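All figures in this text were calculated on a predicted structure; none of them were measured in a lab.
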Amino acid sequence: MTDDLLSRHRAVLPDWMPLYYGDAALEIVSGSGRRVTDAAGRTYLDFFGGVLTNMIGYDVAEITEAVQRQLSTGVVHTSTLYLIRQQVDLAEKIARLSGIPDARVFFTNSGTEANETALLMATNVRRSNQVLAIKNSYHGRTFATMAITGHRSWSSSSLSPLNVSWLSSADRLRGRMAGLTDGDLAEAAVDDLREVLATVTAGDVAALIAEPVQGVGGFVAAPDGVLGAYHKVLAEHGILLIADEVQTGWGRTGEHFWGYQAHGVTPDLITFAKGIGNGFALGGVVGRAAVMNAVPAISFSTFGGNPLSAAAGNAVLDYVLDHDLQANAARVGAILLDGLRALAAAIVGEVRGKGLMVGVEFVRPGTREPDPAATVRVFDECRAGGLLVGKGGLYGNVVRIGPPLTLTEDEAREGLAVLSGAIGRVDSEYHLA
């Protein structure tokens, strides 16, 4: 990336838009498979996939051909006032895969818009603006989705159309759930839910929205079954369950196609985005017809599910299923998780995740105190070694790993070696200090 482009970026784009690597920010100019090349000609193995969005990698022939076929018709947009074959085809596939009986699908452009739509539907059904959300969560950047984001760094306004009550996150290192076993955590989570419902709500709560694995929060996940235990309590009150699958969907967790399926529950609504478009703007909501049909006015999305994005989405979903990328995520993710858990590094507080959603949390040696400085050092060392990773966590002290689901075993071991070396070098700095 040239200094000129960086200065131009800073001159015309808002200051609150972060750039990885600061003054050494990257311009990615090409990609193939799981690798990208910057403007200086250096190639990197990509372990973050455009924030888990380039789900099957770069320069995928099946997607390119599907998009080119649609472009060749001359129709990029018609609006949903007309029938869109690609949209109907994709909706049928997602409805079938959702696990929700008699499902309906509404397409949007992003995860933020998908979550906003789900909230609209749930509050209409319940005639209430009360929503339950989970601390350390991230759901988007609009007024409503910021209101249900339990992560201070991403909450830029206290204004909200919702009345939000908070449940504890499943963080095992600090907070209410610190150090608890799976069984004890599940019991504490249900007790927490009952207490919140009894004390700080007016009783007619619309919905609980939850990420099966908290993405921006650093890949924190409750034990399997917790959402199901929540749902038993919610059902006593008629409260809906929304699963935010923007980062966990499409087989990324390896063991299931959707993150919610680890919890023995079927949500009323599922939101999705990111990977389904593999870079094309595509998101949406799939849910029970009774809930999806509850919007009491005419509504549509101008660009959501447009012919071009829907063509890409169909090609992506077909590719995921035809190549069983869920199984690949489980197999290749195990290489990363096992390798990272075997490290003997004092700065590593926890390695967690499922499939190809892996988080490494960094702490000051001998403590549970977050160490964002060490995280940045590891982050930069990875880039120096030719590996791109992400950052996250409530305290900015988690390296996030979310490669394309097409990652090979050899690439997993290659990236693991770079990341392990980076962690080892930063860890040794503490011993020398």
Side-chain angles (χ1 to χ4, degrees), residues 31-34 49-100 102-111 113-114 117-118 243 245-253 256-259 261 269-287 289 292 300-329 356 404-406:
S32 179
R34 276 67 55 193
V51 194
L52 286 72
T53 300
N54 297 308
M55 185 170 69
I56 57 176
Y58 301 86
D59 194 23
V60 180
E62 289 86 342
I63 301 174
T64 301
E65 291 165 5
V67 170
Q68 286 177 339
R69 281 195 300 272
Q70 185 59 44
L71 283 172
S72 70
T73 69
V75 178
V76 173
H77 173 75
T78 63
S79 104
T80 51
L81 296 172
Y82 304 97
L83 290 169
I84 301 173
R85 184 172 299 274
Q86 294 281 6
Q87 184 181 95
V88 174
D89 288 346
L90 183 56
E92 288 175 339
K93 295 171 187 175
I94 293 173
R96 184 180 70 252
L97 292 164
S98 72
I100 298 174
D102 192 28
R104 300 290 189 274
V105 182
F106 179 78
F107 289 107
T108 66
N109 305 289
S110 68
E113 191 182 340
T117 302
E245 299 269 3
V246 169
Q247 296 195 32
T248 48
W250 321 114
R252 179 166 289 279
T253 66
H256 297 99
F257 195 75
W258 303 99
Q261 291 170 323
L269 298 168
I270 301 168
T271 60
F272 58 85
K274 288 192 181 293
I276 186 60
N278 205 61
F280 286 85
L282 184 62
V285 185
V286 55
M292 295 287 293
F300 72 102
S301 173
T302 298
F303 295 109
N306 68 75
L308 197 63
S309 292
N314 274 299
V316 169
L317 190 48
D318 289 346
Y319 193 101
V320 167
L321 298 174
D322 292 346
H323 294 80
D324 196 4
L325 294 189
Q326 177 185 328
N328 189 63
L356 287 175
L405 302 188
T406 51

**Q.** Gap separating the NE2 atom of His256 from the CD atom of Gln261, nearest 0.5 angstrom
**A.** 6.0 Å
Q) Any donor-acceptor pair under 3.5 Å linking the side chain of Asn278 with the backbone of Ala312? A) no
**Q.** Arg252 side-chain N/O to Leu356 backbone N/O, donor-acceptor pair under 3.5 Å
**A.** yes
Q: Quick one: closest heavy-atom pair of Gly251 and Ala329, and the distance?
A: O-CB, 3.6 Å
Q. Relative to the ring of Trp250, is the ring of Trp258 parallel (under 30°), tilted (30 to 60°) or perpendicular (over 60°)?
A. tilted
Q: Would you confirm whether Thr253, through its side chain, and Thr248, through its main-chain N or O, come within 3.5 Å as a donor-acceptor pair?
A: no
Q) Any side-chain heavy-atom pair from Thr80 and Phe106 closer than 4.5 angstrom? A) no
(Q) Once rounded to the nearest 0.5 Å, what's the spacing between atom CD1 of Ile63 and atom CD1 of Ile56? (A) 3.5 Å
Q) Can any side-chain N or O of Asp102 pair as donor or acceptor with the backbone N or O of Ala289 at less than 3.5 Å? A) no
(Q) Quick check for you: to the nearest 0.5 Å, what is the distance between Arg34 atom CZ and Leu405 atom CG? (A) 10.5 Å
Q: Please tell me if the side chains of Thr406 and His323 come closer than 4.5 Å, counting only heavy atoms from C-beta onward.
A: no
Q) What heavy-atom pair brings Ala95 and Ala103 nearest, and what distance separates the two atoms? A) CB-CB, 4.0 Å
Q) Does Ser309 use its side chain to pair, donor to acceptor, with the backbone of Phe280 at less than 3.5 Å? A) no
Q | Ring geometry between Phe107 and Phe272 (parallel below 30°, tilted from 30 to 60°, perpendicular above 60°) | A | perpendicular
Q) Listed by chain and number, what are the side chain to side chain donor-acceptor pair (under 3.5 Å) partners of Gln87, not counting sequence neighbours? A) none
Q. With a 4.5 Å limit on heavy-atom distance, are the side chains of Val105 and Met292 in contact?
A. no
Q) Do you know which two heavy atoms are closest between Gln247 and Leu52, and how far apart they sit? A) OE1-CD2, 3.6 Å
Show me the donor-acceptor pairs within less than 3.5 Å that the side chains of residues 64-72 make with the rest of the protein, sequence neighbours left out.
| from | atom 1 | to | atom 2 | distance (Å) |
| --- | --- | --- | --- | --- |
| Thr64 | OG1 | Val60 | O | 3.2 |
| Gln70 | NE2 | Thr73 | OG1 | 3.3 |
| Gln70 | NE2 | Val75 | O | 2.9 |
| Ser72 | OG | Arg69 | O | 2.6 |

Q.
Here's a test for you: under side-chain contact (heavy atoms from CB on, under 4.5 Å), which of Asn306, Thr108, Val316, Ile276 qualifies with Leu282?
A. Ile276
Q. So, the side chain of Asn54 versus the backbone of Pro404: is there a donor-acceptor pair under 3.5 Å, distance only?
A. no
Q: Enter the distance from Met55:CE to Leu317:CG here, rounded to the nearest 0.5 Å.
A: 7.5 Å
Q) Measuring from Phe300:CZ to Leu81:CG, what's the distance to the nearest 0.5 Å? A) 5.0 Å
**Q.** Results of salt bridge (charged side-chain N to carboxylate O under 4.0 Å, His left out) for Asp324 - residues two or more places apart only
**A.** none
Q: Return yes if some donor-acceptor pair links the side-chain N/O of Gln86 with the main-chain N/O of Leu308 below 3.5 Å, else return no.
A: no
